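Start at 1 and go down the list; that is how both ligands and their atoms are numbered. Just so we're clear, the structure is a prediction, and the values are computed from it rather than from any experiment. Index from 1, following the sequence.
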Amino acid sequence: IPVEQFDLVIFGGTGDLARRKILPGLFRRFRAGQMPEGSRVIAAARSEMDDADYRKQMMAAIKEFGGSETKDTESLEAFVQSLHYVAVDARGDGGWSELAQLMRDGVIRAFYFSVGPGLFGDLAERLHQHAIADRDSRIVVEKPFGRDLQSAKALNATLAQHFREDQIYRIDHYLGKETVQNLMAVRFGNALFEPLWNSHYVDHIQITVAETVGVGGRGGYYDKSGAMRDMVQNHLMQLLCLIAMEAPNQFEADAVRDEKLKVIRALQPVDFHHIVRGQYEPGSGGPSYREDVENPRSHTESFVALKAHIANMRWAGVPFYLRTGKRMKGRVSEIAVVFKDIGHSIFEGDEARHRNILAIRLQPNEGMDLQVTIKEPGPGGMRLVDVPLDMTFADALGDEQEVPDAYERLIMDVIRGNQTLFMRGDEVEAAWAWTDPIIEAWEARNDVPKHYDQGTAGPEDAMMLMHRDGRRWREIK
Ligand code: BG6
C-alpha cells in the first residue's frame, strides 16, 4: 500500500536503534518503492555534524545491519540522499529554529522519540513551542514506557499535554513481527481453530521467549529492569493478548486494542507460588549475570516463568504458562496451544495421553506445526504415534518472501496513520497494573532469584511449576 510523502524526524538519530533498525528498515522500504519521492529523514541529535557526515555514518550502519539488500549500492547511494541532519539540544534552545525551518508544509510529519523517556516531555513541549508539530503530526515512542504504573501514567499525561491519543504510536516491536501478526490470521481466518479455542478443548497454553544472548552492553539499563519489566510486561503480554482475545468486529486499531485491553484487565493476580525468577550462572562457560552487569550483589532476574489465569468465560480454568530468559539453551519464541486429550481410547493397550498441539513458531524457523495422532504404519496392530503436520513459512511461501523486519512494517504504519499494531495508553497502564504487585512483592521481601546454568532451560523450579500440574514445558532446541 503506497504512503504519502513524509518528513520523519528522528530524535536520537545517531543512536543504536536508528543505526540498527530504523534506517536499515527504511532503506528496505525505499528499495521496495514504498518511500515516496521527496520524503526525507531528518536526524536530530546533540553532536555537531553536517548532512554529508551523517550520510556517511548511516551508509556504514545500513551496510552493517541491513542484510543482503545493501549490496545494491546504487539504491543505497540514492537512499542516503534523503537523509539530513540537524544538531538539536533537547533541553535547551539550540537547533530548534533550524529544525523548524527545515519542515515543509503539505507533507506528513512524524517524530520518532528514539531517546530515553526522561526527554519525552522536553521534546513534546519544544515541538509545540516552535510550531514544528501540527495537528496531524505523529509521534513514535519506544519502550521502556515507564517502569511501573505510576511512571507510565505520568508519561501518558506528559504526552497528552501536547498530543491526542490518535497521534501517539507506542512501539512494541513484537507486534511488527510477521509471525505475530499471523497469529490473528490463524485464529480469525480459519474455520478450523476458533471453535476449539476455549476451555472446553484447550488444556493449557505455553508461551516461550527464550534467548541465547545475555544482557550484552545494556547491563546498566537491564539491571534496573529485569526480565519482568523488559519482556513480560510488554512482549509476552502482547502475545498473550493476541492468543486469548475475543475476535474484534473488524481489523481496526481501536477494535483490536479494546479486545486486548479486556484480556489484560481480566488477568488474575498471580499467586506467588506460581512464579519463578532466575538469574544465570556461568554453567558451561561465559560470565555470570552479575559479572555481565558488573553488580556482584544484583538480585535482578534474567529469567521469569509464571502461571497466569484469565478470569473470563472463554478461559476459565485454563492456565497460561509464560517463560522468558536470557542465556538459555536455544533461541526460541513460540506459542503452543495444548488441547485436551480425548478422554477415552478405543485402542486396546494404548495408554499414552495423545494430545493435539498447535505450535506457532514466531522465530526462528517461522512457521507452525500441528501435532496429530496417527496409526504407526506397519502390520503390528493399532499402535498410535504423534507426528507433526509441519508448515515452515519459508517452504510454504517460497524463499523470495524474505521476512521483513518488525520496524519496517511499523514505521510505514505510522506514516499511513494506522495504529492497529501499536499500544494504546490504557493498555500499557493495565499491563503495569498487573506486573506491579509482583515486582513490588519481590522488592519488599528482597527476593533472591534462583540460579540457572547458562545454556539450560532455566532453573529447576521452572520445571516444577509445570510438573506439579502434571504438565511439562516444550523442549527448547
Ligand atoms: C527487547 C528487549 O525489547 O527485545 C531485549 O529489551 C530483548 O532484552 C529483545 O533481547 C528481544 O527481541 P527479539 O526481536 O530479538 O526477539
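- Aromatic ring pairs are classed by plane angle as parallel below 30°, tilted from 30° to 60° and perpendicular above 60°; the pair Phe120 and Phe145 is tilted.
- A salt bridge links Lys329 with Glu475: the distance from a Lys NZ or Arg NE/NH1/NH2 to an Asp or Glu carboxylate oxygen falls below 4.0 Å.
- Of all the atoms in ligand 1, the ones that sit under 4.0 Å from a non-hydrogen atom of Lys143 are 1 (C), 2 (C), 3 (O), 6 (O).
- Protein heavy atom at the shortest distance from atom 16 (O) of ligand 1 is Tyr174 OH, 2.5 Å.
- Those atoms of ligand 1 that come under 4.0 Å of a heavy atom in Gln363, given as number and element, are 13 (P), 16 (O).
- When only non-hydrogen protein atoms are considered, atom 12 (O) of ligand 1 lies nearest to His173 NE2, 3.2 Å.
- Using a 4.0 Å cut-off to heavy atoms of Asp230, the atoms of ligand 1 that qualify are 2 (C), 5 (C), 6 (O), 8 (O).
- Here the side chain of Arg187 pairs a donor or acceptor atom with the backbone of Ile243 at under 3.5 angstrom.
- Near Lys326, meaning under 4.0 Å from one of its heavy atoms, ligand 1 places the atoms 5 (C), 7 (C), 8 (O), 10 (O).
- Looking at His235 next to ligand 1, an N or O pair under 3.5 Å apart turns up.
- The aromatic rings of His173 and Tyr407 sit parallel, their planes meeting at an angle under 30°, below the 60° perpendicular limit.
- A salt bridge links Arg424 with Asp258: the distance from a Lys NZ or Arg NE/NH1/NH2 to an Asp or Glu carboxylate oxygen falls below 4.0 Å.
- Under the 4.0 Å criterion applied to side-chain N and carboxylate O atoms, Lys326 and Asp292 are not assigned as salt-bridge partners.
- Arg257 has no carboxylate O lying under 4.0 Å from a charged side-chain N of Asp426, or vice versa, which leaves the two without a salt bridge.
- Of all the atoms in ligand 1, the ones that sit under 4.0 Å from a non-hydrogen atom of Lys177 are 13 (P), 14 (O), 16 (O).
- The single protein non-hydrogen atom nearest to atom 9 (C) of ligand 1 is Glu211 OE2, 4.0 Å, given as residue, atom name and distance.
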